[in-house]
Amino acid sequence: LKKNILRFAPSPTGYLHLGNVRTAIFNFLQAKKNNGEFILRLDDTDRERSTQHYIDQIKYDLEWLGICWDRVEQQSKRLDRYKDILNSMIKDENVYECFETTIDLDLKRKKQLNSGQPPVYDRQSLKLSDRDKAELRKKVSSYFRFYLSGNKVSWKDKIAGDVEVQTNAVSDPILIKANGQFLYTIASVIDDIDFKVSEVVRGVDHLTNTAVQIEIFKTLVEYSPEFAHHSLIVNSSGENFSKRANSLSIKELRENGVEPGAVCSVLVNLGNGKRMEVKNDLLAFAEDFDLKAFNTSPTKFNTEDLYSISRVALSKLDNV
Ligand code: GLU
């Protein structure tokens, strides 16, 4: 991949908050630092939870922060493409048809947990004969899973360093649900391939996903993009900010008088060990932005700080 292409991929199922905006900023700066391209990708395959209101609001928030995208892509408009790829994966036997209902799967999980086993999908559906399957198809809608190798997946992470994930401890991921909904796991890989994404920056909560997705990349193309997994921000009692309930939305922060320059300055500098500099222009951080300065351990942050930093940001605006 020659060009630097990065993307921010929110699901339009809620407002942006400090947790996902940090991811947006990292991807944006990493793209702009190298004169690359920044894509806003809307992960809206969940038609029930995704709304136009949240799409509009996400765009508004990003613009307010100074995060501008070179183009927008929307997963719900690419379903035919996903279908084609899924069909080729079924043909190549990288993907298999399953028939359990959500209730069946829940029960299995509980049984496994009760007997002290890891709740990994037992691949029962793989044992079905063609006749069994034909019978089952008459009764239930099937769903499809990707067949994981069970091998160790390793990669050189631009923040986390050398990462290894053993995929035999992971359930074969569901790619399409019985109701026909494509899941993020496959849609994201197909998009990253089609849009020639060269680097993916996201939270450490995605490490296992990455291992799974690297296996999918390898079955579809010869390469996978580079990955960087940043820490998650936590409040003073150690609770994760990316959980919406624990974090104020960007919308609320704005309404409370927080300056965009304060949000950006804080999120760019949080966890990199450097003295914070307040700048009102997000792009001014691009040149010195360095993923290597960050790490994966939880990064503490107190939302109250945004108010004092807003005053600094404002005073700098006054001086211009
Ligand atoms: N929609 C996914 C999320 O919000 C995107 C993750 C990714 O960057 O691949 O978690």
Side-chain angles (χ1 to χ4, degrees), residues 1 4-31 36-51 54-55 57-59 61-62 67 69 71-79 82 146 153 155 157-160 163 165 173-177 181-217 220 224-233 240-247 249-250 267 291 294 296:
L1 294 169
N4 256 64
I5 302 182
L6 288 93
R7 80 314 189 264
F8 172 55
S11 301
T13 55
Y15 294 112
L16 292 182
H17 49 75
L18 292 171
N20 49 19
V21 160
R22 187 164 177 244
T23 307
I25 290 177
F26 279 27
N27 281 285
F28 176 65
L29 293 181
Q30 185 68 4
E37 198 177 309
F38 177 71
I39 302 173
L40 170 61
R41 186 184 88 199
L42 300 160
D43 286 3
D44 61 346
T45 58
D46 184 341
R47 303 306 291 155
E48 264 161 42
R49 294 178 54 227
S50 306
T51 70
Y54 288 128
I55 292 178
Q57 194 66 47
I58 285 170
K59 289 181 176 172
D61 287 348
L62 292 176
I67 303 174
W69 50 92
R71 60 182 226 252
V72 183
E73 296 287 348
Q74 197 164 344
Q75 292 193 327
S76 61
K77 296 192 173 146
R78 292 176 40 77
L79 302 181
Y82 305 152
F146 177 74
V153 177
W155 72 92
D157 194 283
K158 290 183 116 173
I159 296 177
V163 181
V165 176
I174 300 174
L175 302 189
I176 182 168
K177 299 211 286 189
Q181 182 194 333
F182 279 97
L183 291 182
Y184 149 78
T185 311
I186 182 73
S188 180
V189 172
I190 298 173
D191 289 352
D192 287 340
I193 293 171
D194 289 353
F195 308 152
K196 300 188 169 52
V197 168
S198 57
E199 265 177 275
V200 173
V201 184
R202 56 191 181 191
V204 276
D205 49 338
H206 279 289
L207 276 188
T208 307
N209 261 341
T210 297
V212 166
Q213 289 182 331
I214 286 177
E215 286 211 357
I216 300 178
F217 272 107
L220 294 176
S224 54
E226 289 190 278
F227 287 95
H229 293 82
H230 60 70
S231 65
L232 302 182
I233 33 183
N240 195 342
F241 258 85
S242 59
K243 298 274 168 284
R244 283 198 174 102
N246 290 327
S247 178
S249 65
I250 298 304
L267 293 179
L291 286 173
F294 297 89
T296 57

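Whatever order the structure lists them in is the order used to number ligands and atoms, beginning at 1. Residues take their numbers from the sequence shown, with the count starting at 1.
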Answer with yes or no after comparing the ring centroid distance for Phe8 and Phe26 against a 6.0 Å cut-off, counting only values under it.
no
Under a 4.0 Å heavy-atom limit, does Phe8 contact ligand 1 with its side chain, its backbone, both, or neither?
neither
Does Arg71 make a cation-pi contact with Phe195 (under 6.0 Å, within 45 degrees of the axis)?
yes
Can a non-hydrogen atom of Arg7 be found less than 4.0 Å from any atom of ligand 1?
yes
Any nitrogen or oxygen of Ala9 lying under 3.5 Å from a nitrogen or oxygen in ligand 1? Just yes or no.
yes
Specify whether Tyr15 and Tyr54 have parallel, tilted or perpendicular ring planes, treating 30° as the upper limit for parallel and 60° as the lower limit for perpendicular.
perpendicular
I want to know if ligand 1 touches His206 in the polar sense, i.e. an N/O pair below 3.5 angstrom.
yes
Does Ala24 offer a backbone N or O that forms a donor-acceptor pair with the side chain of Asn27 under 3.5 Å?
no
Using the ring of each side chain (for Trp, its six-membered ring), is Phe217 parallel, tilted or perpendicular to Phe227, with breaks at 30° and 60°?
perpendicular
Working to the nearest 0.5 angstrom, can you tell me the gap between Ser224 OG and Ile193 CD1?
9.5 Å
Could you list the atoms of ligand 1 found under 4.0 angstrom from a heavy atom of Asp43?
1 (N), 2 (C), 5 (C)
Closest approach of any protein heavy atom to atom 6 (C) of ligand 1, naming residue and atom
Tyr184 OH, 3.3 Å
I need the atoms of ligand 1 closer than 4.0 Å to a non-hydrogen atom of Ser11, numbered in the order shown.
1 (N)
